[in-house]
Amino acid sequence: MTTRSPHEVFNQPPPLENYNVFEQDVALCEALRREGGSWGEAQAREFGAVCGQAETLRLGDLANRYPPTLRTHDRFGHRIDEVDFHPAWHDLMRLGLKAGTHSLPWTCEQRGAHVVRATLMMLRHQIEEGASCPITMTFAVVPSLRLQPELAVEWEPRLLVNDYDPRCTPASQKRAVLFGMAMTERQGGSDVRANTTRAEPLGDGAYALTGHKWFCSAPMCDAFLVLAQAPGGLSCFLLPRWKPDGTRNAFHILRLKDKVGNRSNASSEVEFHGAWAQRIGEEGRGVANIMEMVRHTRLDCALGSAATLRRAVAEATHHAAHRSTFGKRLLDQPLMQNVLADLCLESEAATVLALRLARSFDEAPHSAEARAFARIAVAIGKYWITKRAVAGVAEALECTGGNGFVEESPLARLYRDVPVNAIWEGSGNIQCLDVLRAFRKEPGSLEALWAEISLARGGNPHLDRFVARLERELQDAEVEVRARRVVEGLALALQAGLLVRCAPSAVADAFCASRLAGEGGLLFGALPAGIDFAAVIERARPKL
């Protein structure tokens, strides 16, 4: 019997760091090329190397261990409403903005810009969740801003700069700005038409806003899109932190939310006391006008959850490759292989759907069918990917045992962070009802969806039978009661179709058998026998 010192450490995996996050993600590499972003591969590879460095990953840990703090007043009693962040947060913001994760589709005319940007966003997101929030909103505000051209002319030159300027000072004095959002109120939540914040006209498109917001995302930003009740109905407004005369706007931060996860990012409750704002679009069209922003933030919810799931699966497969139990590596234990392969299937399916959604945003300006597909598919993808990622991250954490359930592990933070994307920008029921609404009011969206799914027809018998059954279910008179089941089916059909057309048969056949034919279980790790577990895992496992 070998005697070991109690100080000796063995049978522990090395940390997953100092690797290229892009190069080691085969599904993401293939999706980038396939969906029209091959011209951005060199940038993605370079950015992936930075994102996987130990010191970069450490920034995510620090920004969440030392969350932001609110200062409502300075030491003399002046109201300032400023948020202080750990230096790691600023480094994370600088990293993302320098890479153009907020600007690329709006500054690059090359086809595939949304796909390249989505890839970069997924790489950055794997460092940590919180910084994605202000980056996403700054990216997504552009379509809404362009509904009011004079505001776009004023704000876009600073908004689309690949730079970061964290100073709390008038936007006219800054080299770069960030945008946030304030929609929901305590009495309404997702029912924004119940909002009570009032907007009183001041003339020339300016208004005074009075009211509150239960959630204001990233209150340190330079300006916000806000919904308020104008004389003509619920309307959309741009509310800056500073007024045109250089004085602070009446935007008061009451407190920062003490959240389950996403702790590096400041979320807040705010009040407006006659705050100066400018209208975007016509009065009464607030929901429609802010939805131009929300469609893009929903895309990022899908991207973010796919990225978090990918990071969790990478950690779990890496752990299993370096940890032994009962005389064999975890990676070689049959039941663990089943669990890991199932997680790898889920991660690849999320990645291919997320990048396909990004391509639809590239194509939408040039194609009515692409616009119709993007309109409905982003709600489907947002619903399904964000839901499945929660379960996937929990299972990946379990694969690492107690090592994953301590705060030193990145999986503990991923586990706390991952639910937010299912809630933000409309929770599950909102997404499913939005899909049904599109079916009723925009028939072209359903046609575009079937056209996409039909591209894989004949490629897998399980998929063909599943789609035929799904078409019948959509005719059900009680479809609203079963909306979640229907949208789940549409998401699975989209994912399966993409995998059948693009992934190796080991991946596509396993996905269709387990997700469509009922040969899997309700939990991960119940794949049927006969699947090449090793091939599926090795395709997804990072190799140091």
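In this text, all values refer to a predicted model and were calculated from it rather than measured experimentally.
Proximity of the aromatic rings of His212 and Phe272 is defined here by a centroid distance below 6.0 angstrom, and this criterion is not met. For Phe237 and Phe224, the distance between ring centers is not under 6.0 angstrom. Checked against a 6.0 Å centroid threshold, the rings of Trp424 and Phe215 do not count as neighbours. Proximity of the aromatic rings of Trp155 and Phe179 is defined here by a centroid distance below 6.0 angstrom, and this criterion is met. Ring centroids of His114 and Phe361 are separated by less than 6.0 Å, placing the two rings close together.
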Just do the side chain to side chain donor-acceptor pair (under 3.5 Å) check on Asn162 and Ser103 with the steps written out, would you?
-> CA-CA 7 Å; Asn162 292 350; Ser103 63; 2.6 Å; yes

Arg158 and Asp163: CA distance, side-chain angles, deciding distance, salt bridge (Lys or Arg N to Asp or Glu O under 4.0 Å) verdict | CA-CA 9 Å; Arg158 291 184 293 273; Asp163 199 356; over 6 Å; no

side-chain contact (heavy atoms from CB on, under 4.5 Å) between Thr351 and Met122: does it pass, once the steps are laid out?
-> CA-CA 9 Å; Thr351 296; Met122 286 186 65; 4.0 Å; yes

Decide yes or no on side-chain contact (heavy atoms from CB on, under 4.5 Å) for Arg310 and Leu28, but give the supporting numbers first.
-> CA-CA 10 Å; Arg310 168 58 195 169; Leu28 183 61; over 6 Å; no

Give the intermediate values and the outcome of side-chain contact (heavy atoms from CB on, under 4.5 Å) for residues Glu41 and Phe22.
-> CA-CA 9 Å; Glu41 188 169 348; Phe22 174 71; 3.9 Å; yes

Between Tyr164 and Leu178, is a side-chain contact (heavy atoms from CB on, under 4.5 Å) present by the stated rule, with each step listed?
-> CA-CA 9 Å; Tyr164 176 56; Leu178 297 171; 4.1 Å; yes

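Of the options Arg279, Gln278, Arg198, a side chain to side chain donor-acceptor pair (under 3.5 Å) to Tyr207 is made by Arg279 and by none of the others.
Residue Phe466 places its CZ atom among more than 12 non-hydrogen atoms of other residues, nucleotides or ligands, all under 6.0 Å distant. Within 6.0 Å of CD in Glu282 there are 12 or fewer heavy atoms belonging to other residues, nucleotides or ligands. The number of heavy-atom neighbours closer than 6.0 Å to CD of Glu46, taken from other residues, nucleotides and ligands shown, is 12 or below. Residue-environment remark: CZ (Arg485) stays at or below the threshold of 12 foreign heavy atoms within 6.0 Å.
Between the side chain of Asn289 and the main chain of Ile280, a donor-acceptor pair closer than 3.5 Å is present. Judged by distance alone, the side chain of Ser347 and the main-chain N or O of Cys344 form no donor-acceptor pair under 3.5 Å. Counting only distance, with no hydrogens or angles, the side chain of Arg371 and the backbone of Ala364 share a donor-acceptor pair below 3.5 Å. His462 places no side-chain N or O within 3.5 Å of a backbone atom of Gly518 that could act as its donor or acceptor partner. With hydrogens and angles disregarded, a donor-acceptor distance shorter than 3.5 Å links the side chain of Arg263 to the backbone of Lys259. Of the possible donor and acceptor atoms, one in the side chain of Arg117 sits under 3.5 Å from a partner among the backbone N and O of Thr101. Without hydrogens or angle criteria, Glu185 side chain to Thr196 main chain gives a donor-acceptor distance under 3.5 Å. Looking only at distances, a side-chain donor or acceptor of Asn249 sits under 3.5 Å from a matching main-chain atom of Pro240. Under the 3.5 Å distance criterion, the side-chain polar atoms of Asn265 are left unmatched by any main-chain donor or acceptor of Ala131. Although no hydrogens or angles enter the test, the distance criterion places a donor-acceptor pair under 3.5 Å between the side chain of Thr119 and the main chain of Val115.
Salt-bridge check for Lys382 with Glu425: failed, with every basic side-chain N at 4.0 Å or more from each acidic carboxylate O. Under 4.0 Å is where a charged nitrogen must lie from a carboxylate oxygen, and between Arg416 and Glu129 no such pair does. Checked for salt-bridge contact, Arg111 and Glu35 miss the test: no charged N lies under 4.0 Å from a carboxylate O. Under the 4.0 Å criterion applied to side-chain N and carboxylate O atoms, Arg437 and Glu442 are not assigned as salt-bridge partners. Using a cutoff of 4.0 Å between basic side-chain nitrogens and carboxylate oxygens, Arg359 and Asp362 are not scored as salt-bridged. Remark: Glu156 engages Arg146 in a salt bridge, criterion side-chain N to carboxylate O under 4.0 Å. A salt bridge links Glu292 to Arg295: at least one charged side-chain nitrogen sits closer than 4.0 Å to a carboxylate oxygen. In this structure, Arg515 does not pair ionically with Glu488, as no charged nitrogen and carboxylate oxygen lie closer than 4.0 Å.
Side-chain contact between Glu471 and Leu474: absent, with no pair of heavy atoms (C-beta onward) separated by less than 4.5 Å. Side-chain atoms of Thr308 and Gln126, non-hydrogen and from C-beta on, never get closer than 4.5 Å to each other.
Within the model, atoms CG of Leu145 and CG of Leu225 stand 7.0 Å from one another, a figure rounded to the nearest 0.5 Å. In this structure, the separation between CD1 on Ile380 and CG on Leu357 is 9.0 Å, given to the nearest 0.5 Å. Of the inter-residue distances, the one linking Leu123 atom CG with Arg45 atom CZ reads 11.5 Å to the nearest 0.5 angstrom. Atom CG of Asn421 is separated from atom CG of Asn262 by 8.0 Å, given to the nearest 0.5 angstrom.
Shortest non-hydrogen contact noted between Thr386 and Ala422 is OG1-CA, 3.5 Å. Annotation for Leu227 and Cys236: closest pair CD2-CA, 4.1 Å, computed over non-hydrogen atoms. Across Pro219 and Ala266, no two heavy atoms sit closer than the pair CD-O, 3.0 Å. The two residues Trp276 and Ala206 have their closest heavy-atom pair at NE1-CB, 3.7 Å. Annotation for Ala372 and Gly444: closest pair CB-O, 3.6 Å, computed over non-hydrogen atoms. Among all heavy-atom pairs drawn from Pro105 and Phe139, the shortest one is CG-CE1, 3.8 Å.
There is no side-chain donor-acceptor pair under 3.5 Å between Gln229 and Thr197. Between the side chains of Lys213 and Thr184, no donor-acceptor pair of N or O atoms lies under 3.5 Å. When only modelled atom types and interatomic distance are considered, Asn429 and Arg484 share a side-chain donor-acceptor pair under 3.5 Å. Side-chain contact, Asp300 with Thr136: a donor N or O sits under 3.5 Å from an acceptor N or O. Using modelled atom types and a 3.5 Å distance limit, the side chains of Ser264 and Glu128 yield a donor-acceptor pair. Checked by atom type, the side-chain pair Glu200/Thr210 shows no donor-acceptor distance below 3.5 Å. For the residue pair Arg285 / Ser235, no side-chain donor-acceptor distance below 3.5 Å is found, with atom types taken as modelled. Under 3.5 Å, the side chains of Glu150 and Gln148 contain a donor-acceptor pair of N or O atoms.
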